[in-house]
Amino acid sequence: QVQLVESGGGSVQAGGSLRLSCAASGWDYRSYCVAWFRQVPGQEREGVAAMNTGDGRTYYADSVKGRFTISQESARTAIYLRMNNLKPEDTAIYYCAATACSAGVLWRSAFRYNYWGQGTQVTVSS
């Protein structure tokens with residue numbers, strides 16, 4: 001089965017950048033939808049970015065559009081989230097997720113994803 005492990009979180013000042021990595025193994029489908037979510041205590045999990053690895057289509061939440069970029073290593077061994085111009089409200093635990101999907105489909109809701117990493121903390125200070 002698919003296993004995902006996040007890394008790259010940490011503390012950064014507002015306006016700074018981080019790149020989160022999600023090491024992936026166990027791919028056994030022709031294409032996947034992959035995504036990054038984030039969550040803070042007492043709030044619902046928010047979909048940040050998603051990508052269909054088969055056709056390359058992407059989705060970004062309005063709150064991060066223009067600042068964050070989701071990408072995938074060509075060998076499908078890692079998924080990345082480049083975060084630029086970070087804001088204090090970006091502070092959260094970030095999770096990568098994946099699920100099988102076909103071309104033309106892009107799932108953006110957490111309940112659609114079967115595989116999850118353990119999360120990595122991102123803290124943005126003012």
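Nearest heavy atom pair, residue I93 against residue G119, reads CG2-CA, 3.9 Å. The shortest heavy-atom contact between P88 and A14 is CD-CB, 4.1 Å.
Note that R38 lies outside the cation-pi zone of Y95, set by a 6.0 Å cut-off to the ring centre and a 45° limit from the axis.
Under the 3.5 Å distance criterion, the side-chain polar atoms of T69 are left unmatched by any main-chain donor or acceptor of R82. Judged by distance alone, the side chain of T99 and the main-chain N or O of R112 form a donor-acceptor pair under 3.5 Å. Although no hydrogens or angles enter the test, the distance criterion places no donor-acceptor pair under 3.5 Å between the side chain of D55 and the main chain of A103. The main-chain N or O of V124 is found under 3.5 Å from a side-chain atom of T91 such that the two form a donor-acceptor pair. Judged by distance alone, the side chain of R67 and the main-chain N or O of N85 form a donor-acceptor pair under 3.5 Å.
Summarising the geometry, atom OG belonging to S71 is positioned 9.5 Å from atom CD1 belonging to I79; distances are rounded to the nearest 0.5 Å. Rounding to the nearest 0.5 angstrom, the gap separating the CD atom in Q39 from the CD atom in E44 is 9.0 Å. Residue L4 holds its CG atom at 7.5 Å from OG of S25, rounded to the nearest 0.5 Å. For the atom pair R19 CZ and F68 CZ, the distance stands at 15.0 Å (nearest 0.5 Å). A distance of 4.5 Å separates CG in N52 from SG in C33, rounded to the nearest 0.5 Å. Here T120 contributes atom OG1 and L20 contributes atom CG; the two are 6.0 Å apart, rounded to the nearest 0.5 Å.
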Practice task
Quick one: do V122 and L18 satisfy side-chain contact (heavy atoms from CB on, under 4.5 Å)? Show the steps, please.
Solution key: CA-CA 9 Å; V122 172; L18 285 172; 4.0 Å; yes

Handout entry: Chi angles and distances behind the side-chain contact (heavy atoms from CB on, under 4.5 Å) call for C101, W107
Key = CA-CA 8 Å; C101 64; W107 303 119; 3.8 Å; yes

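Under the 4.5 Å side-chain heavy-atom criterion for grouping Ile, Leu, Val, Met, Phe, Trp and Tyr, Y60 is connected to M51 within one hydrophobic cluster. Using a 4.5 Å cut-off between side-chain heavy atoms of Ile, Leu, Val, Met, Phe, Trp and Tyr, with links allowed through other members, L81 and Y115 fall into the same hydrophobic cluster. Under the 4.5 Å side-chain contact rule for hydrophobic residues, V34 and V2 share a cluster.
Using cut-offs of 30° and 60° for the angle between ring planes, the Y113 and F37 rings count as perpendicular.
Within a 6.0 Å sphere centred on CD of Q3, other residues, nucleotides and ligands contribute 12 heavy atoms or fewer.
The shortest distance between side-chain heavy atoms of E6 and W36 falls below 4.5 Å. Side chains of C22 and Y80 form no contact here, defined as non-hydrogen atoms less than 4.5 Å apart. With a 4.5 Å cut-off on side-chain heavy atoms, M83 and Y94 count as touching.
Looking at residues two or more places apart in sequence or on another chain, you find a side chain to side chain donor-acceptor pair (under 3.5 Å) between S17 and N84.
A side-chain donor-acceptor contact under 3.5 Å links E46 and S63.
The pair D62-K65 meets the salt-bridge criterion, with a side-chain N (NZ, NE, NH1 or NH2) lying under 4.0 Å from an Asp/Glu carboxylate O.
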